[in-house]
Amino acid sequence: MATGPAWAATVKVGVIGPFSGPFATAGQTFKQAVEVYQAMHGDSAGGNKIEFVYKDLDQANPAQSKALAQELIVKEKVQYLAGFFFTPDALAVAPLMDEAKVPCVIFNAATSAITEKSPLYVRTSFTLWQATVPLAQHVYKTGVRKVVTAVSDYGPGIDGEAAFKTTFEKAGGQVVDSIRMPLKSTDFAPFMQRIRDSGAEAIYAFLPAGPTTLAFTKAFADNGLKDKIKFFGPGDITQEPDLPALGDAAVGITTAFHYSRAHDSDLNRTFVAKHKEKFGNADTVTFTSVGAYDGTHLIYRMVEATGGKPDGAKAVEAVKGLSWESPRGPLTLDPDSRTVVQNIYLRVTERVNGALQNTEKETFAAQPDYGYKLGK
Ligand code: PHB
């Protein structure tokens, strides 16, 4: 008989994300960051080997998300679900999580209400409320009084719109028009006309990071709006992998966000260097990378706390209130919202030594998810 811990086993983690299609870079960042975490911290926790299984969900598709999660739980026998770029995909798995008592570690999906749907969700990304409340306060402080909001018409966009309007109007500003764009829009010309006609001094925009933000931000510059209307938003709109293609269209945009690849810390420099070492470059490193890196950290801690045994409730209980250092800065998992409390940084997209980056200018320390159970 082999000796060792009674339950020493391989713990499987099922990661659902876009590994093909227009948002494939996001899936790639999940996988790379998990591999970087394992390179830095080993592939076992509490004597249990941790194995990641990846499932491709190329777009927001809740029915397929549920089917993939079912397959991971029943056939692959995963003890944890993780990943989830799009909100509807994360929401769709709540009934399965509760039934099978499988925790889900959200690497990205950012609508506040998700973690209200099951006590077994934990989130290491951010929420739109978290990034937008300090941003709206900043926009008011710059002297801007009239803003148009433009968001993708689904969970995180609607949260961003509400967070901006509530905060900005409470300060004394006015949202003069609220534009909602279909999630699958690729032609933004009609919206540019409406933005121009709104008479706003500034825009607040949210779209899911990737080809969507790229096309919107390019259209904004190409339609001559950049010199007339100040551009603000959460950092999805200037995420690092898109900066080379955005070029001058991104310069001067002010964003509030939890992660910049240019964040000045030793751990972030190591994090970026590890990507270069393992994958030849760090061109994809962005906010979804730290979402996955810190999500992996939580999975390791949960596996340790449960001795590798399947006990979803105990696993989640063990990480409530946990604090640790991330490449983005200090994190604490809020015991109620189960979303990380973190610094939100005010950044400006600048050219530094020829390359574009999001330079952090100001820190709004320890921001909670202002949207959790709002009004409930
Ligand atoms: C989401 O669907 O929650 C989502 C997707 C992409 C982002 C942010 C949030 O960049």
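Counting starts at 1 for both ligands and their atoms, following the listed order.
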Next on the checklist: Atom CG of residue position Asp266 - does it have more than 12 heavy atoms of other residues, nucleotides or ligands inside 6.0 Å?
Outcome noted: no
Item to check | side-chain hydrogen bond (donor to acceptor under 3.5 Å, both in side chains) pairs, two or more places apart, involving residues 206-215 | outcome: none
Next on the checklist: Testing Lys31, Gln32, Gln38 one by one against Glu35 for a side chain to side chain donor-acceptor pair (under 3.5 Å), which residue passes?
Outcome noted: Lys31
Item to check | Proximal protein residues to ligand 1, non-hydrogen atoms under 4.0 angstrom | outcome: Phe85, Phe86, Thr87, Asn108, Ala109, Ala110, Tyr154, Pro156, Phe206, Pro208, Ala209, Asp236, Phe287
Next on the checklist: Check whether Arg145 reaches the backbone of Tyr140 with its side chain - one donor and one acceptor, N or O, closer than 3.5 Å.
Outcome noted: yes
Checklist entry - Under the 3.5 angstrom rule, does the side chain of Tyr300 hit a backbone N or O of Gly42 as a donor-acceptor pair? => result yes
Checklist entry - Strictly under 6.0 Å, is that where the ring centroids of Phe271 and His275 end up? => result yes
